[in-house]
Each structure stands twice: as C-alpha cells, then as structure tokens.
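Heads up, the thing below is written out as structure tokens.
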Amino acid sequence: MSAALALRGVTVGVPDGGGVRILLDAVELEVAVGEVVAIAGASGSGKSTLLAVAGLLRRPDAGEVEVAGIAGAGLSERRRGAIRSEHVGIVFQSANLLPSLTSLEQLEMVARIRGERGAGVRARARKLLAEVGLEAHADQLPSELSGGERQRVGIARALMSRPSLLLADEPTAALDASLSAEIAALLVATTRERGIACLLASHDEAPLASADRRLELFDGALREPSPLRG
Amino acid sequence: MFLALRDLRRGWRRFALVGLVVGLVAMLSTVLTGLADGLVRDGTSGLRALPITHLAFAPHSEAVFSRSTLDERALRRWRAVPGAEATPIGVSFVNAAPVGGGRSIDLALFGVRNGSFLARESEGIHGSGLNGIVLSSELREEGARLGGRYRIGGPTAAALRVQGFTFGGSYGHVSIAFVPLSTWQRIAYGSPGGRFSAIALRLPPGVDVAAVDRAAGTETKTKEAAYDGSPGFSAETATMTLIRAFLLLISALVVGAFFTVLTVQRTQQIGLLKALGASSWFVLRDGVGQVAMVILAATAVGAAGGTAVIAALDGGSVPVALLPGNILTGSALLVAAGIGASLACFRRITRVEPVISLGAQP
Ligand SMILES: Nc1ncnc2c1ncn2[C@@H]1O[C@H](COP(=O)(O)OP(=O)(O)OP(=O)(O)O)[C@@H](O)[C@H]1O
Ligand SMILES: [Mg+2]
C-alpha cells in the first residue's frame with residue numbers, strides 16, 4: 001500500500017518565554033491508503049500542530065510533508081492551498097460550519113472554492129448529505145442543527161472535494177459519548193469505503209478505539225500508547 | 001459571491017446601519033449637487049442665455065467684465081474674421097431707483113448695441129429698437145411694471161422707461177437688464193462712445209482664436225469658460241467641491257471602518273475558508289463584493305431620495321438644478337470611494353492564517 005500522507009523529520013518549534021520549545025521533534029509518520037491513524041496526547045502536546053503540518057496549513061521548521069505523493073512543506077501558501085483543496089478534507093472540532101449557509105450550501109461552498117459550479121455539484125452535495133444521513137436537513141442553517149448533525153455536515157463537507165486524505169482534529173470533542181461513537185464510526189466507515197487515508201487527533205476513547213493504529217504524541221515524538229493510560 | 005449573497009440575505013440586519021449611513025450621505029451629496037448646480041446656474045443664467053459662443057476680454061482680465069475695457073480697434077479686428085459675428089457688450093453692476101420713490105433695485109446692466117444680434121435675439125428686445133431699459137422678468141415680482149421709470153446714477157441722471165421684460169436671468173446672482181450701449185457707456189464712463197467691457201462673439205468652428213487674440217489685443221474665452229469670471233462663481237464651486245470631497249471622505253471612512261470591523265469579526269471564518277483552499281483574493285472578492293452590493297443599493301436609494309428633494313425644491317425660492325450627469329458622477333464617486341476603502345483591508349485578510357481553523361495558534 002502506498003502512503004497517502006508521509007511526514008519525514010518534521011520539526012516544529014514554538015516561542016516559549018525567551019526560548020524555543022520543540023513541539024514536534026523530527027516526527028516520522030506514514031498513513032497508508034485505507035488506514036485510520038489516531039493520535040492521542042495531552043492537551044498542548046502538539047496534536048493540532050501535527051495535523052496542521054500534515055494538512056499543509058502550516059509550514060514545519062524542518063522536514064518534509066508529502067500529501068498524495070506531492071512534497072508540499074516548502075511551497076507558497078497559494079500552492080499549498082491548491083493542494084489542500086485538491087487532496088485534503090478537514091473535519092474540524094465542533095464542525096466549524098459557516099453560520100450563514102445551509103447544510104447543502106456548506107458543501108457547495110467547497111466546490112465554489114475549487115471553481116466548480118452547476119447542477120452536478122448540487123447533486124453530489126445532496127448525495128453526500130444522504131450518505132451521512134442528513135438528506136432531510138439539507139436546507140437548514142447550522143443554528144438549526146444539533147451538535148451531532150453539525151459534525152455530520154462537517155464530515156460530508158470534508159468529502160466534497162474527493163480528498164485522498166482526511167484530517168480530523170478532535171472531531172468528537174463537542175459531543176456526548178454515544179454521539180461520539182457514532183461520528184467515530186462514520187469517519188472510519190467513510191475512510192474504508194472510499195479507500196482514503198484518515199489521520200485524527202482526539203482525547204476521546206471512541207475515535208481512538210476504532211482506529212487501525214493508535215499513537216501518542218509525547219515530548220515531541222510519536223510513540224505507541226503507554227499501557228498505563230489504556 | 002456565493003457566500004456573500006447568502007450571508008447578506010440571511011444577515012442583512014448587520015448591514016442596515018452602514019447602509020443607512022451611506023444612503024444618507026448619498027442623499028446629502030445629491031441634494032448638495034442639486035444646490036451647487038442650481039447656484040451656479042442661477043449665477044450665470046444671464047450669461048448662459050446670451051446667443052453667443054465666445055467673449056473677448058481685455059488681456060489678463062480673467063473673464064471678469066469689471067476688469068476689462070476694449071475699444072473699436074479690437075472690435076474691427078474681430079469683425080474682419082470671416083463668418084464671425086462680433087458686437088460690443090458693456091457689463092456693470094448698478095442700482096436703479098424708481099422715479100417718484102420706492103425701493104431701488106440691483107441690476108447687472110448689459111449695454112448692447114441697437115440692431116446687433118444681441119439686441120435682435122434677446123427676448124423682449126427684438127422688434128422695436130432698444131431705447132429705454134429691458135428688465136429681467138424676475139423683477140416683475142419686485143414691482144417693476146412696463147412703462148415704469150428708473151434713474152441709474154443718482155437723482156440728476158436721466159430716467160429710463162421700462163420698455164419690456166427679458167428672460168429671468170441673473171449674473172453673479174443679480175438680475176440682468178439691457179440698455180442701449182450708449183446709455184451704458186454714459187453710466188459707466190460718463191460719456192458715450194468708444195469703449196465697452198468685452199466683445200460678444202459668435203464664431204464659426206475652426207477660427208484660430210489665439211491668432212485673432214494676438215492681432216486684436218484681446219483674451220477670448222468660450223461662453224462656458226467665461227462663467228468662471230462671474231462674481232462668486234469660483235468661491236461657490238470651491239465650497240461645494242470641498243463639501244462633497246468631505247462627504248466622499250466620510251463615506252470612505254465609514255465603509256472602511258465597517259469593513260475592517262467585519263473582517264476582524266470574520267477572522268475565524270476567513271481562516272476556515274483558507275483551510276478549505278480559498279485564496280486571500282477569493283476571500284477579498286467575496287467580502288468586497290458584498291460591501292459593494294450594500295453601498296450600491298444604499299447609494300441608489302439615497303440618490304433617488306436626494307433627487308426627489310431637489311425636484312420638490314425646483315421652482316421655489318432656492319435655486320436648484322437637476323443635472324442627471326452630475327448626480328450620477330457624484331454617486332459613482334461615492335460607490336468607488338467605499339469600494340476603494342474596503343480594498344484597503346486586503347493586507348488584513350492576507351495575514352489571516354488558515355491554521356487558526358484548527359484552534360491551534362498560527
Ligand atoms: N505559533 C505559536 N506560538 C506560540 N505557541 C504556540 C504556537 N503554536 C502552538 N503553540 C503552542 O504549542 C502547544 C501545542 O498546541 P496544539 O494546539 O498543537 O496542542 P494540542 O495537542 O492540539 O492541544 P489540545 O489537545 O488542547 O487541542 C500549545 O501549548 C500552544 O500554545
Ligand atoms: Mg488541538
């Protein structure tokens with residue numbers, strides 16, 4: 001299996017008082033097509049930063065990031081944006097929907113950013129909403145949806161661009177345990193069905209438990225989870 | 001504009017205030033345009049109605065009649081231009097006292113030569129030769145009557161009979177009156193003959209004005225350029241231009257400040273759009289497009305309101321003029337100023353990092 005995402009020697013330092021704190025220390029990671037990798041770690045350990053680097057939202061201070069085989073770490077913001085809109089779907093904590101768009105329009109927006117429009121886009125958006133079980137909520141605004149429904153829209157939106165890599169930062173943080181399990185299951189099922197890769201960061205048990213591989217970010221490095229923290 | 005349109009439709013309330021301010025500014029600007037145009041038109045209406053194309057003044061008089069004196073030599077030179085018509089005109093400000101007492105009137109007195117095209121073609125003079133005084137029709141409201149008699153230049157001056165009424169024109173906001181050139185010369189210089197303020201010209205196209213000016217010792221202006229010399233004209237236009245410039249500035253500042261606040265409020269949303277792959281340019285286009293729609297609509301409504309105010313004032317005691325071209329230009333400038341001010345936010349939008357969408361620090 002080829003890697004949908006590869007991080008090689010990724011290093012990120014952040015200003016800390018007068019000095020620099022190494023948040024990610026030469027991190028190595030490969031996520032294969034069809035694989036779900038979950039990252040746990042204490043708050044402030046750098047999980048979001050790792051995802052940001054993986055999604056080309058942030059440049060690492062050293063190292064390389066390959067998304068769908070394209071080395072992107074050193075590219076301009078514009079180029080990275082283009083790769084992102086082509087290959088990366090992002091599921092955000094508490095969905096991060098645009099308040100003035102309906103569920104359907106959230107998905108159409110992704111297509112607009114990519115310069116696509118028309119009836120085909122609409123049909124595809126409807127189909128994705130149906131896949132996450134929201135066909136009845138297509139014309140509702142985020143304020144009219146429950147937390148779980150919002151996150152389903154968020155997942156459908158991340159899939160709208162037909163990404164090869166799905167990134168999810170605390171996708172269940174705003175949800176209760178049973179919803180959390182539901183959303184985690186949806187993410188995993190989606191990844192496998194489409195044969196894409198998924199890298200997620202979470203504190204919650206449900207997404208961590210359903211992943212194919214589970215890693216912990218500690219002291220700037222990824223490691224197998226410590227048995228103590230089960 | 002996908003997002004802009006929907007955001008506007010579902011959240012129009014937050015644009016209501018800025019729309020109201022821009023609309024009011026547009027209304028004020030339109031009313032001021034109407035007043036300024038009215039004032040200018042009123043101050044130059046006497047000149048505007050003269051059947052001429054150009055006026056030749058003495059050199060360095062800057063189109064001010066009271067600074068200009070010409071003589072027959074210059075007139076002969078202009079008469080010699082093929083196809084040109086030239087006739088002397090005297091212009092001065094006087095007061096005329098009704099014979100037998102009563103309130104005297106201010107006049108911009110135009111001395112014209114009997115039988116000249118100025119006399120023939122100016123309303124109220126043609127036909128009978130000019131021998132008394134022909135008043136602006138506005139003076140009827142001040143009690144001037146046909147056959148009434150006025151003295152100009154003190155109780156010993158000869159009385160002039162009101163022979164007719166001409167168009168309701170004024171020069172420098174003073175009502176005009178026509179008298180024979182010889183009468184005007186007696187009033188202005190104490191004796192008839194030889195001198196006058198300027199030469200009224202009707203020139204065919206293609207005349208080398210500068211060359212004739214050199215030969216005649218004159219300084220020729222087109223009729224429109226001669227408005228500049230009418231008393232108060234440049235002060236009025238400068239004042240109105242200044243006020244309108246301030247309005248433009250206010251509008252630009254209001255819209256710019258509004259858009260800045262909007263952009264700051266939308267920082268999270270901009271980060272999200274960028275994380276989804278949108279460029280800064282995409283975000284700017286959407287945001288500025290939205291503000292442009294608001295400004296355009298508000299300006300259109302405000303300008304329409306202002307036009308209605310002017311139309312209501314028209315014909316009353318306040319001089320106004322409805323010149324669609326000027327109103328459109330003013331409104332277009334307001335819209336452009338607003339859009340320009342919002343474009344200034346580009347750097348702010350560029351600086352938003354997509355990484356903030358993850359809740360991580362940039
Ligand atoms: N640009 C920056 N400047 C200063 N500090 C930064 C910067 N970026 C990240 N940090 C710090 O790095 C640490 C890791 O942040 P990050 O958001 O990646 O952690 P996290 O593991 O996602 O935490 P959480 O579980 O709370 O979401 C935090 O302490 C954060 O304050
Ligand atoms: Mg985080």
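When reading the values below, keep in mind they use all heavy atoms of this one structure, side chains included, and skip hydrogens, waters and symmetry mates. Letters A, B, ... are given to chains in the order of the sequence lines, protein chains preceding strands, and every chain is numbered from 1.
Residues Ile90(A) and Leu358(B) are in side-chain contact: their nearest non-hydrogen atoms beyond the backbone lie under 4.5 Å apart. Residues Leu273(B) and Met109(A) are in side-chain contact: their nearest non-hydrogen atoms beyond the backbone lie under 4.5 Å apart.
When Val14(A), Val110(A), Leu57(A) are compared by the number of non-hydrogen pairs under 4.5 Å with chain B, Leu57(A) comes out ahead. Between chain B and the options Val88(A), Leu141(A), Leu56(A), Leu51(A), the largest number of non-hydrogen pairs under 4.5 Å is found for Leu141(A). Considering only heavy-atom pairs separated by less than 4.5 Å from chain A, the leading option among Ser279(B), Ala275(B), Gly277(B), Gly271(B) is Ala275(B).
Ion pairing between Arg58(A) and Glu353(B) fails under the 4.0 Å rule for side-chain N and carboxylate O.
Arg112(A) CZ to Phe282(B) CZ: the interatomic distance, rounded to the nearest 0.5 Å, is 8.5 Å. In this structure, CG on Leu3(B) lies 12.0 Å from CD on Glu108(A), to the nearest 0.5 angstrom. Separating the CG atom in Leu276(B) from the CD1 atom in Ile113(A) is a distance of 5.0 Å, to the nearest 0.5 Å. In this structure, CZ on Arg78(A) lies 10.0 Å from CH2 on Trp281(B), to the nearest 0.5 angstrom.
Of the atoms belonging to Glu86(A), not a single heavy atom falls under 4.5 Å from chain B. Using a 4.5 Å cut-off between heavy atoms, Arg114(A) does not touch chain B at all. Proximity to chain B is absent for every atom of Ser161(A), based on heavy atoms less than 4.5 angstrom apart.
Arg84(A) contributes a side-chain N or O that, together with a main-chain N or O of Lys274(B), makes up a donor-acceptor pair within less than 3.5 Å. Not one N or O on the side chain of Asn96(A) forms a donor-acceptor pair closer than 3.5 Å with the backbone of Leu272(B). Checking side-chain atoms of Arg10(B) against main-chain N and O of Ser100(A) turns up a donor-acceptor pair under 3.5 Å.
Around atom CZ of Arg117(A), no more than 12 heavy atoms belonging to other residues, nucleotides or ligands sit under 6.0 Å away.
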